[in-house]
Amino acid sequence: GGEGGDDQSCPPELGDSVEIDSKATLHYAVVPGGEGDGDDGLLCGRLEVADHDGWVGFAVSPGAPGSNFMSGSDAIIGVPADDTVLKYDLTDTATVMPTDRQTLKTGRVSQADGKTIVEFAKLLAEPDEVPIRPSGTNIFLHARGGAALGFHTFFMKFNWEGADAAGMDDHEDHDHGGHGDEDGDEDPGDVAAKSAGEKRVAGALVVGIAALLNVVVA
């Protein structure tokens with residue numbers, strides 16, 4: 001049946017994926033917007049985390065140079081214990097967005113075969129939120145933690161270049177003590193020039209997001 005011109009939907013299969021770390025994989029598809037400005041385009045995602053039974057988060061970061069990557073980010077967090085998938089504002093606290101901003105076209109959390117799976121469909125462009133660029137660089141964040149939304153056990157920043165996943169450029173892993181050398185496809189020279197600074201930023205982010213997600217929203 002014909003859908004309305006402004007009612008986009010996700011394809012039955014999400015054909016692309018990016019491995020965030022040894023446990024987490026983001027399967028995704030980008031649905032272009034309709035005529036005009038295309039603001040009704042969607043990012044359709046299925047974030048699967050193996051050997052994990054707690055909450056799972058994904059966020060879009062404004063990523064301003066020198067800023068905390070969390071500040072101003074828009075998060076989607078699935079909490080299996082509550083059977084919720086909601087949008088959150090990330091600042092120095094994690095705050096559930098008001099009802100009129102809970103605009104996910106799809107939002108479900110499930111568990112199977114030891115995995116926690118969060119499925120979502122988010123508009124590419126929304127008022128007062130970080131736009132997701134179908135082309136160009138996006139900075140995404142991933143975090144996960146225990147049964148109740150609170151202190152995280154893992155946090156990571158990764159880039160996504162339009163429809164192609166870029167290499168991971170820094171992360172801090174509290175599950176495994178930190179790998180520290182996942183620099184993706186960047187030039188070795190660039191990596192050498194900035195790796196020390198990025199590792200410091202990554203460490204600061206872990207402290208920040210731990211404090212931020214420790215605020216349990218009623």
Side-chain angles (χ1 to χ4, degrees), residues 10 14 17-28 43-61 68-99 101-122 129-130 132 138-158 160 168 170-179 202-218:
C10 291
L14 304 182
S17 65
V18 54
E19 184 178 301
I20 301 172
D21 75 305
S22 61
K23 288 187 175 184
T25 301
L26 176 66
H27 301 269
Y28 66 90
L43 173 66
C44 303
R46 185 176 74 251
L47 181 56
E48 299 186 355
V49 183
D51 302 319
H52 183 70
D53 60 3
W55 63 263
V56 170
F58 168 87
V60 186
S61 169
N68 181 318
F69 287 104
M70 294 176 304
S71 250
S73 297
D74 306 309
I76 297 166
I77 301 176
V79 184
D82 299 336
D83 195 27
T84 58
V85 178
L86 295 170
K87 291 169 62 183
Y88 293 74
D89 281 313
L90 301 188
T91 53
D92 55 346
T93 58
T95 307
V96 175
M97 292 186 187
T99 303
R101 293 182 61 202
Q102 295 295 340
T103 52
L104 295 177
K105 301 297 185 184
T106 302
R108 66 177 66 95
V109 60
S110 58
Q111 294 178 309
D113 302 322
K115 290 182 179 178
T116 295
I117 302 164
V118 174
E119 297 171 88
F120 62 88
K122 184 190 185 305
E129 294 186 24
V130 182
I132 298 170
N138 296 272
I139 297 175
F140 292 156
L141 310 176
H142 164 57
R144 55 186 184 249
L149 179 57
F151 194 90
H152 80 296
T153 56
F154 179 94
F155 170 78
M156 186 166 174
K157 163 185 168 285
F158 64 104
W160 179 70
M168 301 173 290
D170 59 58
H171 76 278
E172 189 78 10
D173 180 347
H174 277 192
D175 286 339
H176 305 105
H179 300 292
L205 285 178
V206 168
V207 173
I209 203 165
L212 178 151
L213 290 177
N214 204 34
V215 179
V216 179
V217 180

Nearest 0.5 Å, please: how far is CD1 in Ile132 from CG in Asn138? 6.5 Å
Answer yes or no: is there a donor N or O on one side and an acceptor on the other, between the side chain of Lys87 and the main chain of Ala75, under 3.5 Å? no
I'd like to know if the side chain of His27 and the backbone of Leu47 have a donor-acceptor N/O pair within less than 3.5 Å. no
For the OH atom of Tyr88 and the CG atom of Leu149, what is their distance to the nearest 0.5 Å? 5.0 Å
Test item: Phe58 and Leu43 side chains (from C-beta on) under 4.5 Å apart, heavy atoms: yes
Residues Leu90 and Ala59: closest non-hydrogen pair is CD1-CB, 4.2 Å
Taking atom SG of Cys10 and atom OH of Tyr28, what is their separation to the nearest 0.5 Å? 14.0 Å
Student check: side-chain heavy atoms of Glu48 and Val118 closer than 4.5 Å: no
Closest approach of Ala24 and Val49, non-hydrogen atoms and distance? CB-CG2, 4.0 Å
Once rounded to the nearest 0.5 Å, what's the spacing between atom CD of Glu19 and atom OG1 of Thr25? 5.5 Å
Do you know which two heavy atoms are closest between Val109 and Pro80, and how far apart they sit? CG2-CG, 3.8 Å
Is it true that the side chains of Thr116 and Gln111 contain a donor and an acceptor less than 3.5 Å apart? yes
Is it true that Arg46 and Glu119 make a salt bridge, defined as a side-chain N closer than 4.0 Å to a carboxylate O? no
Do any N or O atoms from the side chain of His52 and from the backbone of Gly145 form a donor-acceptor pair under 3.5 angstrom? yes
Which pair of non-hydrogen atoms, one from Cys44 and one from Leu14, has the smallest distance, and what is that distance? CB-CD2, 3.8 Å
What is the distance from atom CG of Leu26 to atom OG of Ser17, rounded to the nearest 0.5 Å? 8.0 Å
How about Val56 and His142: do any of their side-chain heavy atoms sit closer than 4.5 Å? yes
Residue pair Ser73 / Leu141, side-chain heavy-atom distance below 4.5 Å: yes
Asp21 bridged to Arg144 by N-O distance under 4.0 Å: yes
Reported CD1-to-CG distance for the pair Ile76 and Leu86, which is rounded to 0.5 angstrom: 10.5 Å
Side-chain ion pair, Asp89 and Arg101, N-O less than 4.0 Å: yes
Check: Asp74 main-chain N/O paired with Glu129 side-chain donor or acceptor under 3.5 Å: no
